[in-house]
Amino acid sequence: AWFLVDLSASVDFGSDRFTKRMVAREFVGVLARLLTRRGNRVGALLYGNRVDTVLPARTGRIHVLQLLQRMAGRPAEAAPGATDLRELLLHAQRTIRRRSTMFVVSDFVTAPGWERVLGQLALRHEVTAVRLFDALEMDLPDIGLVTMRDAETGEQIVVDTHNKRFRERFAAAAERRETALREALARAGVDTLELG
């Protein structure tokens with residue numbers, strides 16, 4: 001099994017006590033340990049602004065701990081830039097030759113063009129898209145003036161969350177993005193798991 005993990009700047013977002021990065025780490029840890037207990041090997045490709053870590057498929061508790069340490073030890077992305085999930089998927093296509101089970105762990109906040117490559121991966125491998133999300137990405141609370149920063153680009157704006165029309169437009173835009181993402185994953189022909 002292989003974990004293709006998006007650890008770009010957008011996964012550092014989270015409400016309450018958990019970020020999407022923490023949820024990704026917990027998911028990978030639990031599933032990797034379950035798989036290696038039965039003698040299966042697990043590997044990982046970790047993506048920040050590019051694929052910068054490839055952990056070969058191995059078995060054992062120590063290997064799972066090394067994988068989790070690599071994920072936890074990564075600093076938040078210092079150089080902002082738009083995520084290109086297509087790069088991660090193409091790297092997996094070139095790197096992973098043996099037929100495998102793949103888990104694409106991402107929030108899918110990315111540049112367009114990844115859908116076709118994900119579909120190609122699904123033709124050869126068993127692929128599950130593990131979508132990380134946070135409730136605040138769908139619905140803003142009424143908390144007054146807030147400075148928001150785009151984690152990918154660093155752009156900042158001040159918004160008035162007290163404005164009901166703004167919150168409605170935000171929710172409508174989030175719903176359109178959600179619908180488009182679900183349709184893209186369905187077209188790619190992969191199973192989907194949502195974690196939030």
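A quick note: this is a predicted structure, and the numbers were derived from the prediction, not measured.
- Taking a 6.0 Å sphere around CD of Gln69, one finds it holds more than 12 heavy atoms contributed by other residues, nucleotides or ligands.
- Contact of the Met71 side chain with the Arg25 side chain is registered, since non-hydrogen atoms from C-beta on lie closer than 4.5 Å.
- Here the shortest heavy-atom pairing between Glu115 and Ala184 reads CG-CB, 3.5 Å.
- Side-chain atoms of Thr59 and His63, non-hydrogen and from C-beta on, never get closer than 4.5 Å to each other.
- In terms of heavy atoms, Glu194 sits closest to Glu178 at OE2-OE2, 3.8 Å.
- Contact of the Leu4 side chain with the Ile96 side chain is registered, since non-hydrogen atoms from C-beta on lie closer than 4.5 Å.
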When you look at Leu31 and Phe103, which way does the side chain to side chain contact (heavy atoms under 4.5 Å, CB included) test go after all the steps?
-> CA-CA 10 Å; Leu31 200 54; Phe103 298 94; 3.4 Å; yes
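- Side-chain contact of Thr19 with Asp12: a donor-acceptor pair under 3.5 Å is absent, judged by distance alone.
- When all heavy atoms of Ala92 and Leu121 are compared, the closest pair comes out as CB-CD1, 4.3 Å.
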Start with the C-alpha distance between Tyr47 and Asp84, add both sets of side-chain angles, then the distance that settles side chain to side chain contact (heavy atoms under 4.5 Å, CB included), and finish with yes or no.
-> CA-CA 9 Å; Tyr47 176 91; Asp84 188 1; 3.9 Å; yes
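- Atom CD in Glu26 sits 8.0 Å away from atom CZ in Phe18 (nearest 0.5 Å).
- Residue-environment remark: CD (Glu126) stays at or below the threshold of 12 foreign heavy atoms within 6.0 Å.
- Distance check: Met102 CE to Arg124 CZ gives 8.5 Å after rounding to the nearest 0.5 Å.
- A side chain to side chain contact (heavy atoms under 4.5 Å, CB included) with Val23 is found for one member of Asp107, Leu132, Val130, Asp134 and no other, namely Leu132.
- For Asn40 (side chain) and Leu35 (main-chain N/O), a donor-acceptor pair under 3.5 Å exists by modelled atom type.
- Connection of Phe133 to Val5 is not established within any shared hydrophobic cluster, with ILVMFWY side chains joined at heavy-atom distances below 4.5 Å, either directly or through further cluster members.
- Although no hydrogens or angles enter the test, the distance criterion places no donor-acceptor pair under 3.5 Å between the side chain of Thr83 and the main chain of Leu85.
- Residues Arg41 and Arg98 form a side-chain contact, since some pair of their non-hydrogen atoms from C-beta on lies under 4.5 Å apart.
- Side-chain N or O atoms of His125 include none that pairs as donor or acceptor with a backbone N or O of Arg99 at under 3.5 Å.
- Grouping the Ile, Leu, Val, Met, Phe, Trp and Tyr side chains by contacts below 4.5 angstrom, directly or via other members, places Val54 apart from Leu65.
- Side-chain atoms of Thr161 come within 3.5 Å of backbone atoms of Gly144 as a donor-acceptor pair (strictly under, hydrogens ignored).
- Looking only at distances, a side-chain donor or acceptor of Thr36 sits under 3.5 Å from a matching main-chain atom of Arg33.
- By the criterion of side-chain heavy atoms lying less than 4.5 angstrom apart, applied directly or through intervening Ile, Leu, Val, Met, Phe, Trp or Tyr residues, Val51 is not grouped with Val109; the two fall into different hydrophobic clusters.
- In the hydrophobic cluster analysis, where Ile, Leu, Val, Met, Phe, Trp and Tyr join through side-chain heavy atoms closer than 4.5 angstrom, Ile143 is grouped together with Ile157.
- For the pair Val42/Trp2, no side-chain contact is recorded, criterion being any heavy-atom separation below 4.5 Å from C-beta on.
- Taking each heavy atom of Asn163 and Arg165 in turn, the nearest pair found is OD1-N, 2.9 Å.
- Side-chain atoms of Arg21 come within 3.5 Å of backbone N or O of Leu7 as a donor-acceptor pair.
- Under a cut-off of 6.0 angstrom, the local environment of CZ in Arg177 is crowded, with over 12 non-hydrogen atoms contributed by other residues, nucleotides or ligands.
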CA sep, side-chain torsions, deciding dist, call: Leu46, Asp6, side chain to side chain contact (heavy atoms under 4.5 Å, CB included) | CA-CA 6 Å; Leu46 305 182; Asp6 170 10; over 6 Å; no
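- With hydrogens and angles ignored, the 3.5 Å screen pairs no side-chain donor or acceptor of Arg131 with any backbone N or O of Phe108.
- Between Val127 and Val104 the shortest side-chain heavy-atom distance falls below 4.5 Å.
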Please walk me through it: do Gln120 and Arg116 pass side chain to side chain contact (heavy atoms under 4.5 Å, CB included)?
-> CA-CA 6 Å; Gln120 291 170 345; Arg116 191 172 113 309; 3.7 Å; yes
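- Under a 3.5 Å cut-off, the side chain of His162 and the backbone N or O of Leu145 do not form any donor-acceptor pair.
- Ion pair Lys20/Glu137 flagged as a salt bridge, since at least one NZ, NE, NH1 or NH2 atom sits closer than 4.0 Å to an Asp/Glu carboxylate oxygen.
- In this structure the side chain of Met138 reaches within 4.5 angstrom of the side chain of Glu175, judged on heavy atoms.
- Residue Arg167 places its CZ atom among more than 12 non-hydrogen atoms of other residues, nucleotides or ligands, all under 6.0 Å distant.
- One hydrophobic cluster holds both Val146 and Phe170 under the rule that ILVMFWY side chains link at heavy-atom gaps under 4.5 Å.
- Taking each heavy atom of Ser8 and Gly48 in turn, the nearest pair found is CB-O, 3.5 Å.
- The minimum heavy-atom distance linking Leu89 with Trp114 is given by the pair CD1-O, 3.6 Å.
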